[in-house]
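Note sheet for the following structure.
Quick caveat: nothing in here was measured; it's all calculated off a predicted structure. Counting convention: from 1, in listed order, for ligands and their atoms alike.
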Amino acid sequence: MAFLAEALDRVKPSATIAVTQKARELKAKGRDVIGLGAGEPDFDTPDNIKQAAIEAIERGETKYTPISGIPQLREAISAKFKRENNLDYKPEQTIVGTGGKQVLFNAFMATLNPGDEVIIPAPYWVSYPEMVAICNGKSVFVEAGIETNFKLTAEALKRAITPRTKWFLFNSPSNPTGAAYTRDEVKALTDVLVRHPQVWVMTDDMYEHLVYGDFTFVTPAEVEPSLYDRTITINGVSKAYAMTGWRIGYAGGPLNLIKAMDMIQGQQTSGACSIAQWAAVEALSGTQDFIPRNREIFQGRRDLVVSMLNQANGIKCPTPEGAFYVYPSCEGLIGRKTEAGKVIESDVDFVTELLEAEGVAVVQGSAFGLGPNFRISYATSDALLEEACARIQRFCASLKN
Ligand SMILES: Cc1ncc(COP(=O)(O)O)c(C=O)c1O
């Protein structure tokens with residue numbers, strides 16, 4: 001009898017973590033490596049948030065909390081949804097988890113039966129299909145390629161829906177492409193969903209605050225209120241407030257779903273870290289000055305990276321609306337040879353040879369379900385980004401027909 005659970009046969013380790021690990025190993029060997037794989041802001045958590053955590057420790061807020069979160073945080077989440085998204089979620093309709101990751105996972109855990117289908121636009125965040133697989137569901141991938149700026153069309157969504165579809169998983173701005181949907185683009189999708197009452201919407205709004213220029217973020221239940229009763233709106237403090245290590249994510253949704261997730265979490269981790277919850281109260285309720293400052297810096301980096309990549313031979317890089325990723329195509333380089341005679345046959349070859357030749361670590365698009373592309377995270381300094389893009393340009397120029 002096998003010792004490890006069969007469910008593990010269906011799960012892959014994270015490709016993004018693998019790239020970060022490989023870059024770390026090369027660095028340890030003394031190689032000059034620039035890692036553009038990590039999915040976290042390079043800024044420190046703002047001081048007012050750190051201070052709130054310190055005060056929480058000093059007040060003795062160090063005990064177990066209610067499973068779904070401290071009342072003050074659930075109030076702050078309820079107010080945030082009203083203020084920023086025009087959504088009415090009462091505090092009891094919210095849940096706080098250990099990162100958005102746990103909230104997503106528990107929403108699947110609470111709802112998926114074997115064979116239930118989850119529609120996932122590709123490219124997708126690496127964890128979605130693995131979560132679905134662990135929970136015995138079936139991922140149905142729908143391509144959203146470069147021709148549509150990595151956005152799913154209403155027709156493609158319509159074709160993917162079956163009587164077994166339980167969830168449509170929506171992520172805007174997207175990891176890995178940075179693509180964000182306008183109100184009209186969201187409406188085109190919600191118009192389809194309105195006609196399929198068996199389909200619920202799980203929206204991952206983690207990058208809500210990282211949108212550039214005059215782009216306005218919208219979320220499905222706000223655009224189509226008639227979907228409110230079958231939508232879970234998931235968000236977190238990791239990306240917006242540079243709080244990845246604090247591990248706080250949250251959701252608003254229908255009461256019966258939130259209760260089911262509370263039940264699972266109660267037998268799993270219980271409430272999230274008490275101190276981090278108090279920090280999140282300050283993040284959501286205190287000054288929001290950090291957000292526009294942060295956004296401006298990221299926008300400058302996006303523009304730098306997009307412009308330099310489009311000057312690289314064989315690379316095509318659309319300008320994404322948000323997040324801190326770009327997802328250029330390397331299709332123009334497939335079939336070319338490195339100086340050592342190795343033929344670039346796929347995006348995996350491209351990222352491997354790029355790391356070997358120039359010490360730049362990026363993640364292959366095939367890890368996110370659509371290639372030949374690669375993902376660059378631009379959550380690092382301008383100087384490093386400039387150097388990395390110059391190296392990519394040099395590498396591309398060195399490839400021969
Ligand atoms: C699209 C997306 N959703 C959710 C998460 C989870 O974030 P956290 O668990 O830190 O809240 C991430 C983190 O990389 C992400 O990129």
> Given Tyr325, which of Tyr378, Phe150, Tyr207 fulfils the ring-ring contact (aromatic ring centres under 6.0 Å, His included) condition?
Replying inline: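 Result: among Tyr378, Phe150, Tyr207, Tyr207 is the only option passing the ring-ring contact (aromatic ring centres under 6.0 Å, His included) with Tyr325.
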
Table please: side-chain donor-acceptor pairs of residues 250-262 below 3.5 Å, with sequence neighbours left out.
{"residue": "Asp262", "atom": "OD2", "partner": "Ser68", "partner atom": "OG", "Å": "2.6"}

> What pairs meet the side chain to side chain donor-acceptor pair (under 3.5 Å) rule with one or both residues in residues 31-41, with sequence neighbours excluded?
Replying inline: Asp32-Arg391, Glu40-Thr244

> Under 6.0 Å from the CD atom of Glu331, do we count more than 12 heavy atoms belonging to anything else shown?
Replying inline: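 Count not over threshold, so no.
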
> Roughly how far apart are Ser172 OG and Leu152 CG, rounded to 0.5 Å?
Replying inline: 11.5 Å

Pairwise, report which nitrogen or oxygen atoms of ligand 1 are under 3.5 angstrom from protein nitrogen or oxygen atoms, and how far apart they are.
{"residue": "ligand 1", "atom": "3 (N)", "partner": "Asp204", "partner atom": "OD1", "Å": "3.4"}
{"residue": "ligand 1", "atom": "3 (N)", "partner": "Asp204", "partner atom": "OD2", "Å": "2.5"}
{"residue": "ligand 1", "atom": "9 (O)", "partner": "Gly100", "partner atom": "N", "Å": "3.1"}
{"residue": "ligand 1", "atom": "9 (O)", "partner": "Lys101", "partner atom": "N", "Å": "3.1"}
{"residue": "ligand 1", "atom": "9 (O)", "partner": "Arg247", "partner atom": "NH2", "Å": "2.8"}
{"residue": "ligand 1", "atom": "10 (O)", "partner": "Ser238", "partner atom": "OG", "Å": "2.7"}
{"residue": "ligand 1", "atom": "10 (O)", "partner": "Arg247", "partner atom": "NH1", "Å": "2.7"}
{"residue": "ligand 1", "atom": "11 (O)", "partner": "Gly100", "partner atom": "N", "Å": "2.6"}
{"residue": "ligand 1", "atom": "11 (O)", "partner": "Ser238", "partner atom": "OG", "Å": "3.4"}
{"residue": "ligand 1", "atom": "14 (O)", "partner": "Lys239", "partner atom": "NZ", "Å": "2.7"}
{"residue": "ligand 1", "atom": "16 (O)", "partner": "Asn175", "partner atom": "ND2", "Å": "2.8"}
{"residue": "ligand 1", "atom": "16 (O)", "partner": "Tyr207", "partner atom": "OH", "Å": "2.8"}

> Can you list every salt bridge (charged side-chain N to carboxylate O under 4.0 Å, His left out) pair that touches residues 189-210, not counting sequence neighbours?
Replying inline: Lys80-Glu208, Lys187-Asp191

